[in-house]
Novice: 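Take this structure, written in structure tokens, and hold onto it; I'll ask about it next.
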Amino acid sequence: MDIKLEFLMGADAIVSSLSVKAGDQVKAGDELLQYEASKGILPILAPADGIVEEVLVDQGDRIVLNDVLVRMDTDTVCKEEEAGNRSTPVKKCREEKTDLLIIGAGPGGYEAAIYAAQNGLKVILAEAKTVGGTCLNEGCIPTKALNKGARTYQDILKAAKMGIEVPHPQINMPRLIEWKDEVKETLVSGILGLLKNHSVKLLTGTARFLSGNEVIVEQEEGQVHVSAANIIIATGSKSAGLRIPGVQLPQVMDSREALSLKKLPSSITIIGGGVIGMEFAFIYHSLGVSVQVIEYLEGILPMVDKDIPGRLGFIAERKGILIQTGARVSRIENGLNQEAVVIYEKDGKEAFAVSEKVLMAVGRVPDYETLNIEAANIETRRDRRGIQVDGHMQTNRPGIYAIGDVNNILQLAHAASHQGMAAVRHILKMDGGEKQDIVPNVIFTMPEIASVGKTEMDCQKDGISYEVYKFPFSGNGKALIMGDTDGFVKLVKDRVTDEIIGGSIIGPDASTLINSITELVQFHIRQRDASEVIFPHPTTGEAISESILGLGVGALHSVNKKEEHIIHAVD
Ligand code: FAD
């Protein structure tokens, strides 16, 4: 609401004093400022309860009739509870002051809260829904729980090969969903306990900025007005959708809805061959659903080493997952029997996929919609996809940080957590935490994919003289025992420094094995030093050891040395 100079005798007046500043909470009738006109000194009063958003004049300013003097937010009313008048629902208001306010309790926010509290800061954590955020409630954890269920079912189906016979195994989908929720709830209550143990104050409600250091948290029971010396924004991301006809049809769902589907469809079309789309493709296929993936780009998983999408695509198609790449979905229609018909263009021709359900998995966009970042003048990235930050995760406003999916540097839970710790270290003026370039990335397909550091493509782009070696899991004893010999470990070495600078894995245990390669890359370990590390037998880790040897004298258990060892020299 604009508060104007609505009464004036004479041509103009002078602002003689200001009684409020931006962020102040005022009641109807409170004085906002005084001005001196020909009639003497007069006050401008607040017309309603509210919060001062902006004071547009200074003491000594000359003002004329209809000038806007103050801007007020009269929706955000912080009223005292009226004693004795129970029939009028009035919101309670509370004031809080803290060293650090964190908005969003996903892996970025809640871990930053614990870390800051461990380091002596007074912390308030505001969360609109449930602690754990997307990762724990709608992402990493529930998908991996379903992945485990799907793998177990496949293991049972294959067990007869080793003499273990389970007649008529069946999937009880409601129970699988319930078990997934139990896992999730155990973790949620664990986080609540950790926050309590570290004296982090949790406010359940939606937060929005009033100014650079003030935030309102809208709770069911009332509003909390928080003043904070530092603020970390950790509000994450939300599913992106395609703006095409038919997305509102009941057969179409996003990843959050897919995680609670209690009746397995007979068939599904997945729009999007990125990480989320491909993870779901393998889960559904393993549970016996007929799966088709439609991807707009020329290949699936464009972010990983060039050898991996091809191998995964081959494995997927061998299992019966259909993948259409270079295909642009234009609309979704209802079929005659209530099935969904996904219509797409490929090679200049129109084609369609018919299925019981459609999963929209076309990526996620940073979520700062509810935050009112304009009130704090926080800048977004040029493409408007994420909040702009520096190496300390600080925004253009000193003391305000943005971590995790909301800054859109990397949409990974562990990246969010590390960025949160980097922000806290900066607040506390501690060293370190700025270096965040070695971030491992895992894709939980079947087989799993994992990568860290530079790929061959990166080396070519950066003009690095490199060598790669690829050791196949078919030469690894443990992989054979596991019945999982598809895939390889591929390492990249800098030919000048002899350091291992990157690695990619597709195959069994990839999600765990990548930790060893991350350490080699992070600590600049040279090939000749890495070759002295002893990997226990029989483990899938031996495939890493073989790859390290492959970059030196040669792998011990490989027959096809030439094909697996590539040297790319740059003069
Ligand atoms: P989030 O986890 O999104 O948390 C943000 C929180 O902020 C939410 O709880 C939200 O309610 C809250 N919030 C938003 N606005 C407000 C507000 N105004 N006031 C108060 N609270 C607010 N990553 C991995 O590393 N590994 C995986 O295996 C993996 N699997 C995934 C599978 C799926 C299906 C999806 C969707 C994602 C997956 N991710 C995975 C990505 C991972 O979930 C995110 O990178 C991670 O959750 C980002 O953490 P964050 O803390 O930035 O935000």
Side-chain angles (χ1 to χ4, degrees), residues 101-113 124-148 180 188 191 202-209 215-219 224 226 231-240 253-260 270 272 274-281 283 359-373 375 386-387 389 393 401-421 423 439-445 448-450 510-511 514:
L101 167 68
I102 300 177
I103 308 175
Y110 90 77
E111 292 193 19
I124 294 182
L125 177 62
E127 168 54 54
K129 295 185 204 153
T130 316
V131 296
T134 306
C135 177
L136 209 152
N137 296 287
E138 307 170 358
C140 329
I141 297 295
T143 46
K144 268 81 253 182
L146 291 189
N147 176 303
K148 172 68 183 163
K180 177 256 314 173
V188 167
I191 293 174
L202 179 66
L203 299 180
T204 304
T206 305
R208 73 193 138 90
F209 280 92
V215 166
I216 284 279
V217 182
E218 196 76 49
Q219 298 195 283
V224 186
V226 185
I231 299 174
I232 297 180
I233 303 171
T235 48
S237 60
K238 56 187 177 182
S239 284
M253 51 184 186
D254 65 10
S255 61
R256 188 176 52 79
E257 293 163 282
L259 289 168
S260 297
I270 298 177
V275 176
I276 295 175
M278 291 313 296
E279 287 192 3
F280 272 105
I283 291 172
L359 171 63
M360 191 65 82
V362 293
R364 294 180 64 83
V365 289
D367 183 8
Y368 46 87
E369 208 175 73
T370 51
L371 273 179
N372 190 27
I373 55 169
I387 293 179
V389 290
M393 305 298 132
Y401 298 77
I403 61 162
D405 284 12
V406 77
N407 68 27
N408 211 10
I409 295 174
L410 273 174
Q411 291 191 355
L412 290 170
H414 43 287
S417 306
H418 267 261
Q419 290 175 6
M421 290 202 271
V439 184
N441 184 2
V442 177
I443 304 170
F444 292 83
T445 40
E448 293 176 348
I449 292 167
S511 57
I514 200 66

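The first residue of the sequence shown is numbered 1, and numbering continues consecutively from there. Order of listing sets the numbers, starting from 1, for every ligand and every atom in it.
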Novice: Can you check whether Phe280 reaches Ile270 side chain to side chain, under 4.5 Å on heavy atoms?
Specialist: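 The answer is yes, as the side chains (C-beta and beyond) meet within the 4.5 Å cut-off.
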Novice: Would you mind telling me if ligand 1 is within reach of the side chain of Cys140, the backbone, both or neither, using heavy atoms under 4.0 Å?
Specialist: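 It is both backbone and side chain that touch ligand 1.
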Novice: What are the atoms of ligand 1, with element, lying closer than 4.0 Å to any heavy atom of Arg364?
Specialist: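 So the answer, numbered in order with elements, is 36 (C).
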Novice: Please confirm whether Lys238 approaches ligand 1 to less than 4.0 Å, judged on its heavy atoms.
Specialist: no
Novice: State whether the shortest distance between N or O atoms of Gly404 and N or O atoms of ligand 1 falls below 3.5 angstrom.
Specialist: no
Novice: Do Arg364 and Ile276 have side-chain heavy atoms sitting under 4.5 Å apart?
Specialist: yes
Novice: List ligand 1 atoms under 4.0 Å from Phe444, heavy atoms only on the residue side.
Specialist: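 The atoms of ligand 1 under 4.0 Å from a heavy atom of Phe444 are 28 (O).
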Novice: Does the side chain of Lys129 reach to within under 4.5 Å of the side chain of Asn137, using non-hydrogen atoms?
Specialist: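 No, too far: nothing below the 4.5 Å cut-off.
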Novice: What residue and heavy atom of the protein are closest to atom 20 (C) of ligand 1, and at what distance?
Specialist: Ala128 N, 3.3 Å
Novice: Flag Gly132 as yes when one of its N or O atoms lies below 3.5 Å from any N or O atom of ligand 1, and as no otherwise.
Specialist: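 There is no such contact.
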Novice: In terms of atom number and element, which parts of ligand 1 are under 4.0 angstrom from non-hydrogen atoms of Ile103?
Specialist: 17 (C), 19 (N), 20 (C)
Novice: What is the closest protein heavy atom to atom 45 (O) of ligand 1, and at what distance does it sit?
Specialist: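 The closest heavy atom on the protein side is Asp405 OD1, 2.9 Å.
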Novice: List every atom of ligand 1 that sits less than 4.0 Å from any heavy atom of Ser237, numbering the atoms from 1 in the order shown and giving each element.
Specialist: 3 (O)
Novice: Pairs of nitrogen or oxygen atoms closer than 3.5 Å, one from Gly108 and one from ligand 1: do any exist?
Specialist: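 Right, the criterion is met.
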Novice: Taking all heavy atoms of Leu125 and all of Ala113, pick out the closest pair and write down the distance.
Specialist: CD2-CB, 4.2 Å
Novice: Under 4.0 Å from a heavy atom of His414: which atoms of ligand 1 are those, numbered in the order shown and with their elements?
Specialist: 25 (O)
Novice: If you count the atoms of ligand 1 from 1 in the order shown, which ones are under 4.0 Å from a heavy atom of Cys135?
Specialist: 2 (O), 43 (O), 47 (O)
Novice: For atom 33 (C) of ligand 1, which of the options Gly139, Ser417, Pro366, Ser511 provides the nearest non-hydrogen atom?
Specialist: Gly139
Novice: Would you check if the side chain of Glu218 reaches a backbone N or O of Thr206 as a donor-acceptor pair within less than 3.5 Å?
Specialist: no
Novice: Under 4.0 Å, counting heavy atoms only: does Arg208 come that close to any atom of ligand 1?
Specialist: no
Novice: Please write down residue, atom name and distance for the protein heavy atom closest to atom 25 (O) of ligand 1.
Specialist: Ala413 N, 2.9 Å
Novice: Using side-chain heavy atoms (C-beta onward) and a distance below 4.5 Å, is Thr370 in contact with Arg208?
Specialist: no
Novice: Where the side chain of Gln219 meets the backbone of Gly205, is there a donor-acceptor pair that is under 3.5 Å apart?
Specialist: no
Novice: Got the closest protein heavy atom to atom 7 (O) of ligand 1, with its distance?
Specialist: Gly104 CA, 3.2 Å
Novice: Hey, does Ile191 have a side-chain heavy atom less than 4.5 Å from the side chain of Leu136?
Specialist: yes
Novice: Measure the distance from atom 3 (O) of ligand 1 to every protein heavy atom, then report the residue, atom name and distance (to 0.1 Å) of the closest one.
Specialist: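 Ranked first by proximity to atom 3 (O) of ligand 1 is Thr134 OG1, 2.5 Å.
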Novice: Does Pro142 come within less than 4.0 angstrom of ligand 1, counting non-hydrogen atoms of the residue?
Specialist: no
Novice: Looking only at atom types and distance, does a side-chain atom of Glu279 sit under 3.5 Å from a main-chain N or O of Thr143, one as donor and one as acceptor?
Specialist: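 Such a contact is absent between Glu279 side chain and Thr143 backbone.
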Novice: Do Thr206 and ligand 1 have an N or O pair less than 3.5 Å apart?
Specialist: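 Not met; the criterion fails.
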Novice: Sub-3.5 Å donor-acceptor pair from the side chain of Glu448 to the main-chain atoms of Ser511, do we have one?
Specialist: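 Between the backbone of Ser511 and the side chain of Glu448 there is a qualifying donor-acceptor contact (under 3.5 Å).
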Novice: Could you identify the single nearest non-hydrogen protein atom to atom 17 (C) of ligand 1 and state the distance to 0.1 Å?
Specialist: Ala207 N, 3.7 Å
Novice: Contact between Val224 and Ile124 at the side-chain level, heavy atoms closer than 4.5 Å - yes or no?
Specialist: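 Of all side-chain heavy-atom pairs linking Ile124 with Val224, none is under 4.5 Å.
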Novice: Please report which non-hydrogen protein atom sits nearest to atom 4 (O) of ligand 1, along with the residue it belongs to and the distance in Å to one decimal place.
Specialist: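 Heavy-atom neighbour on the protein nearest atom 4 (O) of ligand 1: Gly106 CA, 3.4 Å.
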Novice: Looking only at protein heavy atoms, which one is nearest to atom 13 (N) of ligand 1, and how far off is it?
Specialist: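 Looking only at protein heavy atoms, the one closest to atom 13 (N) of ligand 1 is Thr235 CG2, 4.0 Å.
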Novice: Evaluate the side-chain contact (heavy atoms from CB on, under 4.5 Å) criterion for residues Ile409 and Val389: first the C-alpha distance (whole Å), next the side-chain angles of each, then the deciding distance (0.1 Å), finally the verdict.
Specialist: CA-CA 9 Å; Ile409 295 174; Val389 290; 3.8 Å; yes
Novice: Which atoms from ligand 1 have a heavy atom of Ala234 less than 4.0 Å away?
Specialist: 5 (C), 6 (C), 7 (O)
Novice: Give yes or no for whether the N/O distance cutoff of 3.5 Å, strictly under, is met between Thr143 and ligand 1.
Specialist: no
Novice: Please confirm whether the backbone N or O of Asp254 pairs with a side-chain atom of Glu257, one donor and one acceptor, at under 3.5 Å?
Specialist: yes
Novice: How close do Ser255 and Ser239 get, counting heavy atoms only, and between which atoms?
Specialist: OG-OG, 4.2 Å
Novice: Under 3.5 Å, N or O to N or O, is Thr370 touching ligand 1 that way?
Specialist: yes
Novice: Judged by atom type as modelled, is there a donor-acceptor pair below 3.5 Å linking the side chain of Asn407 to the main-chain atoms of Ala402?
Specialist: yes
Novice: Which ligand 1 atoms, with their elements, are less than 4.0 angstrom from a heavy-atom of Lys144?
Specialist: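 Selected atoms, number and element: 27 (C), 28 (O), 29 (C), 30 (N).
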Novice: Is there side-chain contact between Phe209 and Ile103, with at least one heavy-atom pair below 4.5 Å?
Specialist: yes
Novice: Test of understanding: given a 4.0 Å heavy-atom threshold, classify the contact between Ile276 and ligand 1 as side chain, backbone, both, or neither.
Specialist: side chain
Novice: Among Lys129, Glu138, Glu127, whose heavy atom sits nearest atom 11 (O) of ligand 1?
Specialist: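 The option holding the nearest heavy atom is Glu127.
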Novice: Consider ligand 1: state whether an atom of it lies below 4.0 angstrom from any non-hydrogen atom of Val406.
Specialist: no
Novice: Quick check: do Tyr368 and Ile387 have side-chain heavy atoms less than 4.5 Å from each other?
Specialist: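 Yes, side chains in contact.
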Novice: What is the minimum heavy-atom distance between Ala510 and Ala450, and which atoms define it?
Specialist: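 Of all heavy-atom pairs spanning Ala510 and Ala450, the closest is O-CB, 3.4 Å.
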Novice: Please compare Arg256, Glu279, Gln411, Glu369 and report which has the shortest non-hydrogen distance to atom 41 (C) of ligand 1.
Specialist: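 Minimum heavy-atom distance to atom 41 (C) of ligand 1 goes to Gln411.
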